Amino acid sequence: MDIRIKKVLQDQPVGQRVAVAGWVRTRRDTGGFSFIEINDGSCLANLQVIADKGLENYQQDIKNLATGSSVVVDGELRKSPAKGQAVELHATKIDIVGGADSETYPLQKKRHSFEFLREINHLRPRTNALGAVSRVRSRLGYAVHNFFQQRGFIQVHTPIITTSDCEGAGEMFQVSTGRERSGEDHFFGRSAGLTVSGQLQAEVYALAMGDVYTFGPTFRAENSNTSRHLAEFWMLEPEMAFCDLDGNRKIAEELLKYLLADVLENCAEDMALFDKFIEKGLIGKLQDVIAKDFIHISYTEAVERLEKAGDKFEYAVRWGADLQSEHERYLSEKLFRCPVAVTDYPASIKPFYMRLNDDGKTVAAMDILVPGIGEIIGGSQREDRLEVLQSRMIETGIDPAEYDWYLDLRRYGSVPHAGFGLGFERLVQFVTGMANIREVIPFPRTPGSAPC
RNA sequence: UCCUCGGUAGCUCAGUCGGUAGAGCAGGUGGCUGUUAACCACCCUGUCGGCGGUUCGAGUCCGUCCCGGGGAGCCA
C-alpha cells in the first residue's frame with residue numbers, strides 16, 4: 001500500500017516494493033531514464049524516483065512530467081549509488097493523477113520571495129519553507145496540549161462569539177446577522193463580537209477546575225500593519241487558581257522551554273532548514289534560551305536600567321509611561337540577550353482585572369519579551385478582592401453591572417489566581433525565525449487582505 | 001492610521017542626463033550527461049501598478065490613487 005515518504009526515508013526498506021503518492025518537485029532527464037523528485041508533505045526531503053525509458057508511458061507522459069503534477073509511484077526501493085540521497089525508488093509503474101501546466105503553474109523549482117508566495121496563498125504550502133512552517137506549527141500545537149495535559153490542566157473551549165469585551169485588548173469585530181442593521185433586534189438580545197481574549201471565561205473555569213487553559217482563534221479589529229500583528233490569530237491562555245504572579249511566571253518559562261525543546265527534538269530536519277536559510281544560528285539561540293534562566297526585573301528596575309543605558313532612544317524613558325518597542329528590544333536584544341520577564345507595571349497603563357500591588361501604584365502584571373519578536377507573553381495575577389476590583393472598574397470606566405458574573409467569582413469562594421496569553425503565531429515566528437507573521441499562519445487575515 | 005522605501009517579462013532584478021526596454025532564471029525546441037538550483041545551443045515573453053499633468057517626446061519629472069516591504073502606534 002501507499003506509504004508516506006517520511007517513513008520510507010526513516011525505515012529505508014531496501015529491496016522491498018514501495019508505493020508513494022505525492023507531487024513532483026523537479027524532473028531531470030538522462031539518456032536512458034529520468035530522475036523525478038516527489039514530495040508528499042510528510043517531511044522536508046523529497047524521494048528520488050528513477051523512471052526508466054522502458055516504462056510504458058515514458059515517452060508520452062513521464063518525459064514531460066511537470067513540476068506540480070500529482071503522481072502515484074510503484075516500485076522497488078534501492079540504495080542510491082550517487083551522493084545526495086541514501087535510497088531511491090526504481091519505478092515499475094507511474095500513474096499521473098493530475099497534471100500541472102508548466103506554462104501557467106506559478107511555482108518554479110527555484111527560490112521565490114515570501115511576498116510573492118503570499119499572492120498564491122493556496123499554493124505556497126507546496127514550498128520547502130512553508131511546508132516546514134506547517135509541520136513545526138502543528139507540532140507546537142500538539143506540544144502545547146502535551147505540556148498542559150501532563151500537568152493536569154483542563155482544556156476549556158471558551159466562546160468565539162462573546163458579549164464581553166476584555167478591556168484593554170483592542171477593538172472587537174461586531175457580529176450580526178444582516179437583518180439587525182436596520183432594527184434594534186440583536187440575535188443574542190445584546191450586541192456581540194468576536195472574542196479578543198478567552199481570559200475572562202477561562203477565569204470562570206479556573207475557579208471551578210483549578211488549572212485550565214484555552215487555545216483558539218482570537219480576533220482584533222485593529223488597523224495594525226506590522227510583521228507581528230494579525231486580525232485573526234491563535235492564542236493560548238492558561239489560567240491557574242491558587243496561583244500568584246511568581247507561579248505564573250514560572251509556568252510561562254517552563255512552557256516556553258518545553259515547547260522549544262520539543263520542536264528541536266521532533267522537527268530536527270525542518271529546524272535545520274530554518275537555521276540554514278531563514279535565520280543563521282537559530283538552533284543555537286533556541287538551545288541557549290532552554291539552558292539559561294530567564295531574566296526577571298520589575299518595571300521600575302527596567303526603567304532605571306534604561307535610564308542608565310545612555311543609549312539615545314527616540315522616545316524618552318519615563319516611569320508611568322508604557323515601554324516603547326525600542327525599549328523592550330533593548331532589554332531583550334542588547335542588555336540581557338535572552339528572554340526577559342518584566343513585572344509590576346504602573347496600574348494606570350494596565351487593564352482593570354490586574355491585581356493591585358500593596359504600593360497602590362503598580363499591578364501584578366507580567367510581559368515576557370523575547371529577542372527579535374518583542375512581547376510574546378502578556379499576563380497577570382488577577383484582582384481577587386471584590387471591593388478593589390469594583391473600584392478599579394469604576395476608575396477605568398467599566399460598568400460593574402455589565403460584569404456581574406465576573407464579580408460573582410469574587411463574591412463566592414474567591415481565590416488568588418493568575419494567567420497569561422501566549423501569541424501562538426509569535427511563538428511560531430520565534431521558533432522558525434520567520435520575519436513576518438503572515439508566513440506562520442496558513443491563511444493570514446490583515447487589514448485589506450483575506451484572499452482565501 | 002502615521003513615517004519611509006518600493007511596484008519594469010511568469011519569477012528575481014538592471015535601465016545613465018527625458019529620446020518608445022534588457023539580463024539571469026522559468027517556459028518551448030533540439031542535444032548531452034547517475035542527475036540533484038543539472039549542463040549546452042537556439043526560440044518565445046512587456047497595459048514599465050492605475051489615472052491625470054508637464055514636454056516635440058515620460059519607465060525616467062510632477063500630482064493623485066491602489067498594492068507591497070521596513071519602521072511606529074495598538075497588542076499577543
Side-chain angles (χ1 to χ4, degrees), chain A residues 25-37 45-52 64 66-68 78-85 88 90 100-120 127-128 166-171 196-199 215 217-237 252 277 313-315 321-329 349-351 367-370 373-379 420-430 435-438 440-441 446-449 451:
Chain A
R25 282 293 176 83
T26 176
R27 191 199 80 241
R28 295 176 293 274
D29 304 318
T30 76
F33 58 95
S34 295
F35 296 98
I36 305 166
E37 290 198 38
N46 302 324
L47 179 65
Q48 177 163 286
V49 170
I50 309 296
D52 193 85
N64 300 309
T67 301
R78 297 189 198 157
K79 275 196 155 44
S80 176
K83 282 180 184 169
Q85 60 284 315
E88 58 192 24
H90 286 250
D101 184 358
S102 53
E103 297 264 12
T104 55
Y105 186 60
L107 288 174
Q108 299 168 3
K109 48 186 183 185
K110 63 163 206 168
R111 202 196 163 279
H112 290 288
S113 69
F114 290 121
E115 291 80 13
F116 169 69
L117 292 174
R118 237 178 263 155
E119 293 168 16
I120 47 165
T127 63
N128 286 339
C166 194
E167 196 265 336
E171 291 292 313
V196 294
S197 167
Q199 180 203 316
F215 183 22
T218 308
F219 309 86
R220 304 274 166 92
E222 297 287 348
N223 192 10
S224 309
N225 235 307
T226 81
S227 58
R228 56 193 188 284
H229 285 89
L230 290 165
E232 176 180 305
F233 64 100
W234 284 61
M235 187 153 65
L236 168 66
E237 295 174 283
F277 295 114
F313 295 114
E314 197 183 334
Y315 296 90
D322 214 348
L323 298 179
Q324 300 286 318
S325 278
E326 57 177 339
H327 304 145
E328 296 183 344
R329 205 171 289 144
I349 57 171
K350 289 291 182 184
D367 283 358
I368 293 184
L369 314 175
V370 128
I373 308 289
E375 186 179 346
I376 196 168
I377 282 177
F420 60 84
L422 168 73
F424 191 60
E425 284 74 20
R426 289 189 184 173
L427 172 71
V428 182
Q429 271 191 283
F430 184 59
N436 196 304
I437 200 165
R438 292 160 205 203
V440 300
I441 189 166
T446 52
S449 176

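Quick note on labels: first sequence line is chain A, next is B, and so on, each numbered from 1. Hydrogens, waters and symmetry mates are skipped; everything else that's a heavy atom, side chains included, is used. Note that this is a predicted model, so its numbers are computed, not measured.
Distances from the side chain of A:E115 to the nucleotides B:rC11, B:rG68, B:rA76 place B:rG68 closest. Taking the side chain of A:S325 as heavy atoms from C-beta on, and the options B:rC25, B:rU35, B:rA72, the nearest nucleotide is B:rA72. Which of B:rC11, B:rA72, B:rU35 sits closest to the side chain of A:Q108 comes down to B:rC11. Side chain of A:R118, nearest nucleotide from B:rG34, B:rA76, B:rG69: B:rG69. Residue A:S113 places its side chain closer to B:rU12 than to any other of B:rA76, B:rU12, B:rC75. In the set B:rG34, B:rG68, B:rA72, B:rG68 carries the atom at the smallest distance from any side-chain atom of A:S449. For A:H229, taking side-chain heavy atoms from C-beta onward, the closest of the listed nucleotides B:rG34, B:rC74, B:rG68 is B:rC74.
A:R228 contributes no side-chain N or O that forms a donor-acceptor pair with the base of B:rA76 under 3.5 Å. The base of B:rC11 has none of its N or O atoms less than 3.5 Å from a complementary donor or acceptor on the side chain of A:H112. If you check distances only, the side chain of A:S224 never reaches the base of B:rC75 with a donor-acceptor pair under 3.5 Å. Residue side chain A:E222 does not reach the base of B:rU1 through any donor-acceptor N/O pair under 3.5 Å, judged by distance alone.
Rounded to the nearest Å, the gap between the C1' atom of B:rG73 and that of B:rG59 is 36 Å. When the C1' atom is compared between B:rU1 and B:rG24, the two are found 40 Å apart, to the nearest whole Å. To the nearest whole angstrom, the two C1' atoms, one in B:rA14 and one in B:rA23, are 7 Å apart. Rounded to whole Å, the separation between the C1' atoms of B:rA41 and B:rC51 comes to 45 Å.
Judged by closest nucleotide on RNA chain B, A:P447 is the one of A:P447 and A:E326 placed further toward the 5' end. Residue-to-nucleotide proximity on RNA chain B shows that, of A:G448 and A:E375, the 5′-proximal contact is made by A:G448.
Residues meeting the salt bridge (charged side-chain N to carboxylate O under 4.0 Å, His left out) test with A:E88, sequence neighbours left out: none. With sequence neighbours left out, A:F424 forms a ring-ring contact (aromatic ring centres under 6.0 Å, His included) with A:F215. A search for side chain to side chain contact (heavy atoms under 4.5 Å, CB included) contacts involving A:E326 returns A:F313, A:E314, A:Y315, A:Q324, not counting sequence neighbours.
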Working for side chain to side chain contact (heavy atoms under 4.5 Å, CB included), residues A:R426 and A:V370: CA-CA 10 Å; A:R426 289 189 184 173; A:V370 128; over 6 Å; no

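Phosphate proximity of B:rG71 to A:S227: present, with a side-chain N or O under 4.0 Å from OP1 or OP2. Residue A:R329 has no polar side-chain atom (N or O) positioned under 4.0 Å from OP1 or OP2 of B:rG71. Contact between the side-chain N/O atoms of A:Q324 and the OP1/OP2 oxygens of B:rG73 is found at a separation under 4.0 Å. Residue A:N436 places at least one side-chain N or O closer than 4.0 Å to OP1 or OP2 of B:rG70.
Using a 4.0 Å heavy-atom criterion, one finds that A:E88 contacts the bases of the nucleic acid, with or without backbone contacts as well. Across all strands, A:F33 comes closer than 4.0 Å to base atoms (heavy-atom distances). A:T226 comes within 4.0 angstrom of a nucleotide base, judged by non-hydrogen atoms across all strands. Residue-level contact check: A:R438 touches the backbone only, with heavy atoms under 4.0 Å from sugar-phosphate atoms and none from bases. Across all strands, A:E314 comes closer than 4.0 Å to no nucleic acid atom at all (heavy-atom distances). Here A:F116 lies in heavy-atom contact (under 4.0 Å) with sugar-phosphate atoms only.
With a 4.5 Å cut-off on side-chain heavy atoms, A:F219 and A:V196 do not count as touching. Proximity of A:S325 to A:R228: side-chain heavy atoms (C-beta onward) are separated by under 4.5 Å at one or more points.
Helical stems involving RNA chain B, defined as 3 or more consecutive Watson-Crick or G-U pairs under 3.5 Å, span B:1-7 with B:66-72, B:10-13 with B:22-25, B:27-31 with B:39-43, B:49-53 with B:61-65.
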Please enumerate all protein N or O atoms sitting under 3.5 Å from an N or O of nucleotides 28-30 of chain B, with distances to 0.1 Å.
unit_1: B:rG28; atom_1: OP1; unit_2: A:S102; atom_2: OG; d: 3.2

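Remark: ring of A:F424 not stacked against base of B:rA76; the cut-offs of centroid gap under 5.5 Å and plane tilt under 30° are not jointly satisfied.
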Nucleic acid footprint by protein, nucleotides 37-42 of chain B - heavy-atom cut-off 4.0 Å, B for base, S for sugar-phosphate alone: -B----

